[in-house]
Every structure is written in structure tokens, then in C-alpha cells.
Amino acid sequence: MAQKTVLIAGATGVVGRAALDHFAQLPGWRVVSISRRQPDGAQAQRTRHLSVDLTDPKACADAIAAIGEVTHVVYAALFEKPGLVKGWREPDQMQTNLTMLRNLLIPLTSPGHSLQHVSLLQGTKAYGVHLHPVAVPAREDQPRDSHDNFYWLQEDFLRELAQRDGFGFTIFRPQLIFGDALGVAMNLVPIIGAYAAIRHAQGQPFSYPGGPANILEATDARLLARAIAWAGESANAHNQTFNITNGDVFAWRTVWPAIADALGVECGADEPLRLAHYLPEQASVWDRIVVEHRLDAPALSQMLGESHHYADFCFGANARQAPPPVIVSTIKLRQAGFADCIDTERMFRDWIALLQAQRILPKA
């Protein structure tokens with residue numbers, strides 16, 4: 001069997017990290033990662049990494065020349081602006097994300113290359129979930145939601161390039177993604193863990209900080225990584241768009257006691273607050289926790305990234321009434337041949353246990 005080479009862009013993000021771990025364990029794959037930061041973890045040592053600024057076209061071209069033949073691309077790179085949510089509608093954020101994808105793929109489609117498949121990430125913002133109520137369930141065959149979004153810029157560019165050069169692509173639309181990556185734009189597990197540890201250190205309960213209850217779906221980054229690997233080799237996935245979730249639904253208040261149990265803290269009455277404001281003010285408390293529990297965790301500012309802003313968005317901290325449910329159909333993905341699933345409560349326990357084992361969070 002000829003060796004396949006997968007290039008994972010954004011390898012230190014929540015999806016890229018999970019994809020790196022998964023592909024590194026699959027036989028027959030050469031794994032190359034690019035990101036500004038060096039990936040860590042056991043599997044990262046089995047892969048090749050290049051530090052690349054995707055906004056620099058020459059740096060991308062030089063990196064592709066150094067890597068050699070690439071058959072598959074997992075594009076998990078993302079540019080977000082400080083404060084996160086406001087930037088979702090700003091033109092420079094959209095153009096930067098398009099430029100990054102273009103800078104990577106253009107050298108990979110030059111003469112002499114044999115690109116076979118690209119996996120690209122979108123999300124429920126494709127349905128306008130950040131702007132208005134969405135259909136229940138949201139389906140991939142709905143007309144494109146009419147709002148400015150870098151998803152559409154990237155998708156149109158990818159479709160045109162794929163048609164010209166004859167490679168396949170798969171676009172994934174996960175719901176809230178959870179993993180163990182630190183200091184990224186959107187990963188709530190370390191945010192929830194740090195919040196719990198700080199409250200416990202201050203003698204306060206692990207109160208739910210959000211607004212009225214809403215119904216959501218989650219996507220485990222490991223599940224998404226397995227789907228990406230499947231899509232790269234399944235004809236049923238080529239040139240398709242798929243929603244992907246764990247396979248169940250959840251509400252934050254319902255799963256909160258299980259999260260508290262995994263973290264070894266006590267729940268309390270709801271206490272709405274904005275974590276984007278609260279957590280940065282607790283940096284010194286976090287420093288004491290790191291020393292007291294002999295953690296191998298970074299400073300709180302490095303731990304948060306922009307994910308504390310994402311937490312406020314996901315928890316609906318400012319909402320006065322319950323938002324409409326956000327449910328997507330995953331029938332298309334299952335009928336295409338990928339039917340893996342995971343219980344969302346189990347997912348939270350798994351990721352918390354892993355961050356505790358890594359000495360990022362205090363053990364229960």
C-alpha cells in the first residue's frame with residue numbers, strides 16, 4: 001500500500017490536536033503538522049512539525065516544498081479576533097481566514113503535487129445560529145443562510161479549486177467541540193475546569209454561571225477526528241457537507257452535576273456571571289492553585305485563549321429568556337457510512353480526567 005501523507009493545519013487547536021493524535025496511530029500514514037506553536041503530547045513526537053504563519057504566502061510555499069508530497073489536508077486552522085464574538089461579522093476576520101486557506105492550498109495544487117482530499121471545518125454559524133433562530137433540525141441541504149461569514153468565502157474557493165484540480169473535499173459542521181487544547185479560541189473544558197478550581201479555592205460552590213436553559217448538542221474532538229479520517233478515504237464523503245455531533249442532546253444544567261463530580265467540587269445555586277470578566281480577575285488565585293496542587297499548567301491568560309468569551313456565548317450569560325434550541329440533523333452522515341457516537345456526559349468526564357492526568361487541572 002502506498003504511503004499517504006496527511007497535512008494537519010492548526011495542529012495545536014482543539015480539532016487539529018485530536019486529528020494529530022488520531023492519524024499518528026493509524027498505520028500507513030505519514031503525519032505532518034503546521035501551526036505557529038509546537039504541538040505537545042505523546043503522538044506529536046511521532047510526527048513532523050513545521051512552524052508556519054499561514055498569512056505569509058512565501059512561508060507556506062517554502063513549507064510545502066520542504067514537506068514534499070501531500071495526499072490529504074485537514075484544515076483546522078482558524079483566525080479569531082480578541083473578544084471573539086464581535087469579530088465574527090468583521091470583514092478583516094473573514095478575509096484573513098480566506099487568505100490562510102488560499103496560501104496553504106495554492107502550493108499544494110501546483111504542478112507535481114497529488115492532493116487527493118481536503119477536510120474543512122465550518123459549524124452551526126453556517127445556519128446563522130449566532131444571528132437568529134434556526135430550523136429544527138438544521139440540515140445540510142438548506143439554502144445557504146444569507147449572512148457574511150468566512151465559511152462561505154472558504155467554501156467557494158475550495159469548491160472552485162477542487163473542480164479545477166480534481167481532488168475531493170468534505171466540509172464538516174460540528175456543534176460545540178470539546179477537547180483538551182489550551183489557549184485556543186473555542187474550547188470550554190479547561191475554562192470550566194479553571195472556573196471550578198478557582199471557586200473551590202475561594203470556598204464558593206461550583207455554580208452554573210449561565211442564563212436560562214437551552215438545548216444543545218456537543219461534538220467530541222476525538223469523534224470528529226475519526227470522521228475526518230473516514231472522510232479522507234470514503235467515496236461517499238467526497239464533495240459533501242456533513243453535520244456531526246455526539247449523537248445525543250444535552251442542557252448545561254442537566255450535565256453540570258456530572259461535571260462537578262468529575263472535578264470533585266460541589267454544585268451550588270445558579271449564579272449568572274460573565275466569565276470573560278470574572279476569570280481574568282482571578283489570575284493570582286489560579287497561580288496559587290498551580291503551586292498548591294503542583295500543577296503543570298500555564299498562567300491563566302495562556303490557558304484561556306479566547307475561550308472564556310466563547311463560554312459566555314455558549315452559556316447565554318446575558319440572556320433573559322431561553323434561546324431557541326440548536327439541533328442539527330446527522331442523518332446524512334450516518335447514511336453515508338459514519339455512525340460513531342459518544343455519550344456527552346461520558347465525554348466531559350473523559351476530557352476532565354485527561355486534563356487532571358496531565359496535571360493541568362487539580363485532581364478530584
Side-chain angles (χ1 to χ4, degrees), residues 7-17 19 34-36 52-57 59-60 73-109 117-132 134 138 140 142-164 167 169-177 179 181 183-187 219 221 224 228 231 239-244 305-307 309-310 312-314 326 328:
L7 174 61
I8 301 173
T12 55
V14 61
V15 177
R17 182 181 173 95
I34 59 174
S35 57
R36 293 195 183 194
V52 180
D53 178 358
L54 291 178
T55 65
D56 183 340
C60 291
V73 170
V74 176
Y75 191 82
L78 177 67
F79 169 74
E80 297 285 10
K81 301 180 74 171
L84 194 66
V85 177
K86 181 181 177 182
W88 288 345
R89 303 185 69 180
E90 295 183 356
D92 60 332
Q93 188 260 16
M94 301 176 200
Q95 287 299 323
T96 298
N97 279 290
L98 173 61
T99 296
M100 290 163 58
L101 179 65
R102 180 189 288 123
N103 287 345
L104 183 67
L105 292 188
I106 290 298
L108 286 170
T109 55
H117 185 265
V118 175
S119 290
L120 182 68
L121 296 172
Q122 293 183 353
T124 51
K125 290 199 299 295
Y127 300 113
V129 69
H130 57 310
L131 301 174
H132 53 72
V134 300
E140 301 91 337
Q142 293 174 202
R144 179 179 284 189
D145 195 75
S146 181
H147 70 275
D148 293 334
N149 195 308
F150 76 83
Y151 293 164
W152 309 144
L153 301 179
Q154 289 185 333
E155 180 178 336
D156 290 345
F157 166 73
L158 180 61
R159 287 182 180 276
E160 181 180 349
L161 195 65
Q163 184 175 17
R164 187 195 76 183
F167 63 84
F169 65 87
T170 305
I171 297 172
F172 285 100
R173 292 177 181 169
Q175 275 266 32
L176 306 179
I177 308 173
V184 298
M186 292 177 281
N187 184 27
T219 306
L224 182 51
I228 288 170
N239 306 336
Q240 298 295 323
T241 299
F242 295 116
N243 295 327
I244 179 169
E306 297 296 324
S307 293
H309 296 282
Y310 189 53
D312 287 341
F313 176 78
C314 295
V326 182
V328 301

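Just so it is clear, the values below take in all heavy atoms, side chains as well, and ignore hydrogens, waters and symmetry mates. Residue numbers count from 1 along this sequence. Being a predicted model, the structure only gives us computed values, none of them experimental.
- Counting heavy-atom neighbours within 6.0 Å of D148 CG, excluding the residue itself, gives a total of 12 or less.
- Distance check: L120 CG to F169 CZ gives 9.0 Å after rounding to the nearest 0.5 Å.
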Open item on the list: If you apply the rule side-chain contact (heavy atoms from CB on, under 4.5 Å), what do you find for V74 with I8, and how did you get there?
Closed with: CA-CA 5 Å; V74 176; I8 301 173; 4.2 Å; yes

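- The aromatic rings of W88 and Y310 sit perpendicular, their planes meeting at an angle over 60°, well past the 30° parallel limit.
- Here the CD-CG distance, from Q93 to L98, works out to 11.5 Å after rounding to the nearest 0.5 Å.
- Applying the 6.0 Å contact sphere to CD of Q142 captures more than 12 heavy atoms from other residues, nucleotides or ligands.
- For N243 (side chain) and A138 (main-chain N/O), a donor-acceptor pair under 3.5 Å exists by modelled atom type.
- Considering CG of L101 and CG of L78, their distance stands at 12.0 Å, rounded to 0.5 Å.
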Task: Intermediate values then yes/no, side-chain contact (heavy atoms from CB on, under 4.5 Å), Q122 and N149 - done: CA-CA 10 Å; Q122 293 183 353; N149 195 308; over 6 Å; no

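- In this structure, Q175 contributes its side chain and T124 its backbone to no donor-acceptor pair below 3.5 Å.
- By the 4.5 Å heavy-atom criterion applied to side chains, T55 and F79 are not counted as neighbours.
- Using a distance-only test at 3.5 Å, with no hydrogens or angles considered, a donor-acceptor pair links the side chain of Q154 to the main chain of N97.
- Atom CD of E306 and atom CZ of F313 lie 14.5 Å apart (nearest 0.5 Å).
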- [ ] Check step by step if side-chain contact (heavy atoms from CB on, under 4.5 Å) holds for T99 and F157.
- [x] CA-CA 10 Å; T99 296; F157 166 73; over 6 Å; no

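- When all heavy atoms of A11 and S35 are compared, the closest pair comes out as N-CB, 3.8 Å.
- At least one donor-acceptor pair closer than 3.5 Å links the side chain of S307 to the backbone N or O of N187.
- Considering only residues two or more places apart in sequence or on other chains, D312 meets the salt bridge (Lys or Arg N to Asp or Glu O under 4.0 Å) condition with R274.
- Residues V118 and L108 have side chains not in contact (no heavy-atom distance under 4.5 Å, counting atoms from C-beta outward).
- G179 and A221 get closest at one heavy-atom pair: CA-CB, 4.3 Å.
- The distance from the CG atom of L121 to the CD1 atom of I171 is 10.0 Å, given to the nearest 0.5 Å.
- Looking only at side-chain heavy atoms (C-beta outward), T109 and R164 come within less than 4.5 Å of each other.
- Side-chain contact between E140 and Y127: present, with at least one pair of heavy atoms (C-beta onward) separated by less than 4.5 Å.
- Taking 4.5 Å as the limit, every side-chain heavy atom of V134 sits out of range of all side-chain heavy atoms of D145.
- A side-chain donor-acceptor contact under 3.5 Å links T219 to the backbone of I244.
- Shown here are the salt bridge (Lys or Arg N to Asp or Glu O under 4.0 Å) partners of E155, two or more places apart in sequence or in another chain: R144, R159.
- A distance-only check finds a donor-acceptor pair linking the side chain of W152 to the backbone of H147 [under 3.5 Å].
- In this structure a side-chain-to-backbone donor-acceptor pair under 3.5 Å is missing from H130 to R89.
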Open item on the list: Quick one, D92 with K81, criterion side-chain contact (heavy atoms from CB on, under 4.5 Å). Give me CA distance, side-chain angles, the key distance, then yes/no.
Closed with: CA-CA 10 Å; D92 60 332; K81 301 180 74 171; 2.9 Å; yes

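- Taking 4.5 Å as the limit, some side-chain heavy atom of L104 sits within range of a side-chain heavy atom of I34.
- I106 is listed as a side-chain neighbour of L161, based on a closest heavy-atom distance under 4.5 Å.
- The cationic group of R173 does not satisfy the cation-pi geometry with Y151, failing either the under 6.0 Å distance to the six-membered ring centre or the 45° limit from the ring axis.
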